[in-house]
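Read through the structure below, which is laid out as structure tokens, and then see the notes.
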Amino acid sequence: HSFAAVMVKMNLSDVNVPELIADMWEPLNEEQREFLANHFTLQNYKKNEVIHCEGETPKYLMCLLNGKVKIYKDGVGGRSQIIRMIKPVQYFGYRASFAQEDYLTNASAFEASTVCMIPMTVVTGLLMSNPNLAMFFIRQLSIDLGISDERIG
């Protein structure tokens with residue numbers, strides 16, 4: 001079925017996902033777009049609601065469509081250390097999966113947020129068949145690594 005049908009079924013016809021995830025959508029051919037369209041879900045989170053926890057196995061690539069998400073680690077005495085803030089339209093939650101690790105951090109909605117969830121199995125399938133998409137993620141990971149290198153220095 002067409003992309004529009006999926007949108008209506010989710011009752012979020014005001015959210016143009018392909019436009020929002022353009023970086024990921026653009027490199028795909030028609031068949032790959034249909035595959036992606038049939039497999040993502042949109043998840044709404046309330047302020048302070050946990051999206052993923054340290055130690056969990058990553059199952060989704062996430063793209064924040066609106067709102068704000070904080071990535072943090074639980075510190076001593078219940079204090080949490082914010083590692084970074086995710087703004088629209090940034091991808092998160094996938095590094096651990098590529099590294100075949102469990103999450104090293106927690107993510108929660110800093111304010112009411114809508115997240116596009118794409119199963120990592122779908123992402124991996126698309127990466128295998130689309131070198132341009134693979135290059136996009138290599139670039140994203142490299143940028144993130146540069147940011148964390150600057151922080152340590």
Side-chain angles (χ1 to χ4, degrees), residues 1-45 49-73 83-152:
H1 55 240
S2 74
F3 196 77
V6 177
M7 295 304 295
V8 173
K9 194 173 73 195
M10 296 190 318
N11 196 18
L12 283 156
S13 42
D14 53 335
V15 181
N16 184 345
V17 175
E19 206 170 89
L20 290 168
I21 62 167
D23 288 333
M24 210 177 148
W25 191 259
E26 287 303 314
L28 305 180
N29 65 32
E30 213 41 58
E31 192 185 335
Q32 291 165 338
R33 286 176 179 184
E34 188 148 330
F35 179 62
L36 178 56
N38 288 331
H39 288 90
F40 78 81
T41 50
L42 296 186
Q43 187 76 40
N44 289 310
Y45 291 95
E49 197 175 344
V50 172
I51 299 168
H52 71 69
C53 293
E54 191 173 340
E56 283 179 351
T57 303
K59 292 189 171 57
Y60 296 94
L61 168 110
M62 298 171 227
C63 181
L64 180 63
L65 301 185
N66 61 55
K68 242 189 208 151
V69 167
K70 71 169 181 176
I71 307 291
Y72 63 99
K73 280 185 90 72
I83 293 168
R84 65 179 188 278
M85 297 298 284
I86 306 292
K87 299 182 291 287
V89 174
Q90 289 181 323
Y91 295 87
F92 66 102
Y94 63 91
R95 186 213 60 84
S97 178
F98 284 152
Q100 299 181 322
E101 297 172 351
D102 290 338
Y103 284 120
L104 300 175
T105 55
N106 307 289
S108 70
F110 194 71
E111 56 188 54
S113 300
T114 304
V115 179
C116 179
M117 319 276 287
I118 305 165
M120 282 306 298
T121 49
V122 170
V123 174
T124 307
L126 290 171
L127 290 173
M128 295 296 188
S129 61
N130 194 310
N132 291 333
L133 186 65
M135 282 309 298
F136 166 70
F137 279 108
I138 290 170
R139 201 161 55 244
Q140 292 301 306
L141 289 164
S142 302
I143 291 165
D144 288 348
L145 190 58
I147 292 167
S148 76
D149 284 353
E150 274 174 12
R151 222 175 260 134
I152 293 162

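Small disclaimer: the values here were computed from a predicted structure and weren't measured. Only this structure's heavy atoms are used, side chains among them; waters, hydrogens and symmetry mates stay out.
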Identify the two heavy atoms, one from [X] and one from [Y], that lie closest to each other, and give their separation to 0.1 Å.
{"X": "L104", "Y": "K73", "value": "O-NZ, 2.5 Å"}
{"X": "M24", "Y": "L133", "value": "CG-CD1, 3.5 Å"}
{"X": "G93", "Y": "Y103", "value": "O-OH, 2.9 Å"}
{"X": "V17", "Y": "C116", "value": "CG1-SG, 4.2 Å"}
{"X": "P27", "Y": "N130", "value": "O-ND2, 2.7 Å"}

Should [X] and [Y] count as side-chain neighbours, where that means a heavy-atom distance under 4.5 Å?
{"X": "L126", "Y": "I118", "result": "no"}
{"X": "I86", "Y": "F110", "result": "no"}
{"X": "Y94", "Y": "V123", "result": "no"}
{"X": "E19", "Y": "W25", "result": "no"}

Quiz item: How would you list, by chain and number, every residue that makes a ring pair (Phe, Tyr, Trp, His ring centres under 6.0 Å) with F92, sequence neighbours excluded?
Solution: none
Quiz item: Is there a side chain to side chain contact (heavy atoms under 4.5 Å, CB included) between Q140 and Q90 once you walk through the steps?
Solution: CA-CA 10 Å; Q140 292 301 306; Q90 289 181 323; over 6 Å; no
Distance (rounded to the nearest 0.5 Å) between [X] [atom1] and [Y] [atom2]:
{"X": "K68", "Y": "S113", "atom1": "NZ", "atom2": "OG", "value": "9.5 Å"}
{"X": "L42", "Y": "N66", "atom1": "CG", "atom2": "CG", "value": "9.5 Å"}
{"X": "D144", "Y": "F137", "atom1": "CG", "atom2": "CZ", "value": "11.0 Å"}

Practice problem: Take Y45 and V69 through the test side chain to side chain contact (heavy atoms under 4.5 Å, CB included) and record every step on the way to the result. | Solution: CA-CA 10 Å; Y45 291 95; V69 167; over 6 Å; no
Self-check item: Under 3.5 Å: donor-acceptor pair, side chain of R33, backbone of E26
Solution: yes
Practice problem: Count the heavy atoms of every other residue, nucleotide or ligand shown that sit under 6.0 Å from NZ of K87, and state whether that count exceeds 12. | Solution: no
Run the side-chain donor-acceptor check on residues 50-65: report pairs under 3.5 Å with partners two or more places apart or on a different chain.
| from | atom 1 | to | atom 2 | distance (Å) |
| --- | --- | --- | --- | --- |
| H52 | ND1 | T105 | O | 3.4 |
| E56 | OE1 | C53 | N | 3.1 |
| T57 | OG1 | D102 | OD1 | 3.1 |

